[in-house]
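Within every chain, numbering begins at 1; the chains are lettered A, B, ... in the order of the sequence lines, protein sequences first and strands thereafter. The structure presented is a predicted model; accordingly, all values stated were derived computationally and were not measured.
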Protein chains: 2
Amino acid sequence: MKTPNHSQANILKVLEQTKKPLSAQEIWAEIQKQGQKIGVATVYRNLESLKIKGLIQIRTVHNQAIYSLVSEKQNFATCLQCGERTPLGISLAQSVEAPTLQSQAFEVYYHTLEVFGLCSPCQERSP
Amino acid sequence: MKTPNHSQANILKVLEQTKKPLSAQEIWAEIQKQGQKIGVATVYRNLESLKIKGLIQIRTVHNQAIYSLVSEKQNFATCLQCGERTPLGISLAQSVEAPTLQSQAFEVYYHTLEVFGLCSPCQERSP
DNA sequence: TAATATCTGATAATGATTATCATTCTTTAA
DNA sequence: TTAAAGAATGATAATCATTATCAGATATTA
Ligand SMILES: [Mn+2]
Ligand SMILES: [Mn+2]
Ligand SMILES: [Zn+2]
Ligand SMILES: [Zn+2]
């Protein structure tokens, strides 16, 4: 795995500091605000690299990619309308049905258990 | 839940027939190919409606939304590079670690268990 | 039937992401 | 150490999936 360069370190730092998921544009603005000079293309390029390395996670809300560190929290309830995503904070076993039980505050439509990584061809393809 | 109109029925039919996930543009082209006249805006609008109703599922690959019916299959391994997504076809309990055991064909980075639906505010917001 | 609300399609506008390319930084090999 | 080769960067233009607009069509209601 290629070692993180300076740009990638800056991106990771911003994600650590801010805590909450950020768009590429927001990350770009934040790095600049911190006095670093960086181009928007570089942000996109390194976000892609960090993604392939499995260091950051991406989801799309309203046609905008939202980036965050790969964290411990991996159980979420995501609203299909507003995109809000709240950690469930419960164990895997009880995760699926729990929200339906919780006072109907969240109306469950379906769930997904997804494993992310690299398929065999892509492992060779990305040195 | 509002009853599916004609456009929505056409979209669902295409997704059923084609089996595989399709982009909005592909769905649009397919409906036209089947002789139906429809505007691209209508396709997008009704895809959004079907999403809010929980009838279809969306994921984003290379900055393009890919739509599919909400199916039984809900356990997947997704490649971060090419976006290929293969059903795991295993039970929830063993899902998470199984891929790591399977001959390293797929290199696991992380996983997500996600429940989709409507949050409380959005339930009222969408009549 | 007429008034009203909803849906549709053609088209323009948007904007996040990607491509381009000259320049700068880094690594490699003489 | 130095020069060539390679990789990363930044400014900017281009792309294109998606959204907004709005006039006309269609459905619903009274
Ligand atoms: Mn988990
Ligand atoms: Mn399941
Ligand atoms: Zn919501
Ligand atoms: Zn792959």
Side-chain angles (χ1 to χ4, degrees), chain A residues 1-15 20-53 55-68 80-83 125-127, chain B residues 1-15 20-53 55-68 80-83 125-127:
Chain A
M1 183 188 288
K2 220 177 296 177
T3 170
N5 61 26
H6 199 196
S7 300
Q8 291 178 22
N10 280 332
I11 291 172
L12 292 174
K13 184 168 58 141
V14 166
L15 289 175
K20 73 163 185 175
L22 297 174
S23 69
Q25 304 282 339
E26 289 172 326
I27 292 170
W28 179 46
E30 185 56 34
I31 293 177
Q32 288 179 314
K33 190 181 297 177
Q34 297 187 2
Q36 312 289 333
K37 185 189 182 190
I38 191 172
V40 68
T42 299
V43 172
Y44 278 98
R45 273 188 292 246
N46 285 290
L47 282 172
E48 180 66 16
S49 298
L50 289 169
K51 181 186 84 171
I52 301 295
K53 288 197 251 184
L55 295 178
I56 62 174
Q57 221 168 336
I58 306 184
R59 73 193 179 101
T60 300
V61 182
H62 298 133
N63 298 316
Q64 184 160 273
I66 301 292
Y67 302 84
S68 58
L80 292 166
Q81 185 150 270
C82 67
R125 200 176 304 160
S126 88
Chain B
M1 183 189 289
K2 218 177 298 177
T3 170
N5 59 27
H6 198 205
S7 301
Q8 290 177 24
N10 281 331
I11 291 172
L12 292 175
K13 185 169 56 142
V14 166
L15 289 176
K20 74 165 186 176
L22 297 175
S23 70
Q25 304 282 340
E26 288 172 327
I27 293 170
W28 179 46
E30 185 56 34
I31 293 177
Q32 288 181 314
K33 190 182 298 176
Q34 297 188 2
Q36 312 289 334
K37 185 189 181 192
I38 190 172
V40 67
T42 299
V43 172
Y44 278 98
R45 272 188 293 246
N46 285 291
L47 282 172
E48 180 67 16
S49 298
L50 289 169
K51 182 186 84 171
I52 300 297
K53 290 198 248 184
L55 295 179
I56 61 174
Q57 221 167 336
I58 306 183
R59 71 192 181 101
T60 300
V61 181
H62 301 319
N63 298 315
Q64 182 159 277
I66 301 291
Y67 302 84
S68 57
L80 291 167
Q81 186 152 270
C82 67
R125 200 176 303 159
S126 89

Can you measure [X] atom [atom1] to [N] atom [atom2] for me and round it to whole angstrom units?
| X | N | atom1 | atom2 | answer |
| --- | --- | --- | --- | --- |
| A/N5 | C/dT27 | CG | C1' | 15 Å |
| B/N10 | C/dC7 | CG | C1' | 14 Å |
| A/W28 | C/dT17 | CH2 | P | 13 Å |
| A/E26 | C/dG15 | CD | C1' | 14 Å |
| B/L47 | C/dG9 | CG | C1' | 16 Å |

Could you check if a side-chain atom of A/Q8 sits within less than 4.5 angstrom of a side-chain atom of A/L55, using non-hydrogen atoms only?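 Result no, sub-4.5 Å side-chain heavy-atom pair not found.
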Do nucleotides 11-24 of chain D as a string where each nucleotide becomes B, S or -: B if the base has a protein heavy atom under 4.0 Å, S if just the sugar-phosphate does, - if no protein is that close. B-----SBBBB---
For A/N46 and D/dT9, is the shortest distance between a side-chain N/O and OP1 or OP2 below 4.0 Å? yes
Is any side-chain N or O of B/S7 closer than 4.0 Å to OP1 or OP2 of C/dT8?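 So the side chain of B/S7 is within the cut-off, an N or O lying under 4.0 Å from OP1 or OP2 of C/dT8.
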Residues two or more places apart in sequence or in another chain: which of them pass side-chain contact (heavy atoms from CB on, under 4.5 Å) with [X]?
| X | answer |
| --- | --- |
| A/S68 | A/P21, A/Q57 |
| B/Q25 | B/S23, B/W28, B/V40, B/Y44 |
| B/Y67 | B/A24, B/I27, B/L47, B/I56, B/I58, B/A65 |

B/N46 (side chain) donor-acceptor with B/S49 (main chain) under 3.5 angstrom: no
What I want to find out is whether B/E48 reaches B/R45 closely enough, with some N-O distance under 4.0 Å, to be called a salt bridge.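 Not counted as a salt bridge, because no side-chain N and carboxylate O are separated by less than 4.0 Å.
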Which heavy-atom pair separates B/I52 from A/L80 by the least distance, and what is that distance?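 Residues B/I52 and A/L80, closest heavy atoms: CD1-O, 3.8 Å.
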Bending between helix ends of the helix from C/dT1-D/dA30 to C/dA30-D/dT1 [5 pairs per end, 10° resolution]: 40°
Does any pair with a residue in residues 26-37 of chain A pass salt bridge (Lys or Arg N to Asp or Glu O under 4.0 Å), and if so which ones, sequence neighbours excluded?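 As it turns out, the salt bridge (Lys or Arg N to Asp or Glu O under 4.0 Å) pairs with a partner in residues 26-37 of chain A, which skip direct neighbours, are A/E30-A/K33.
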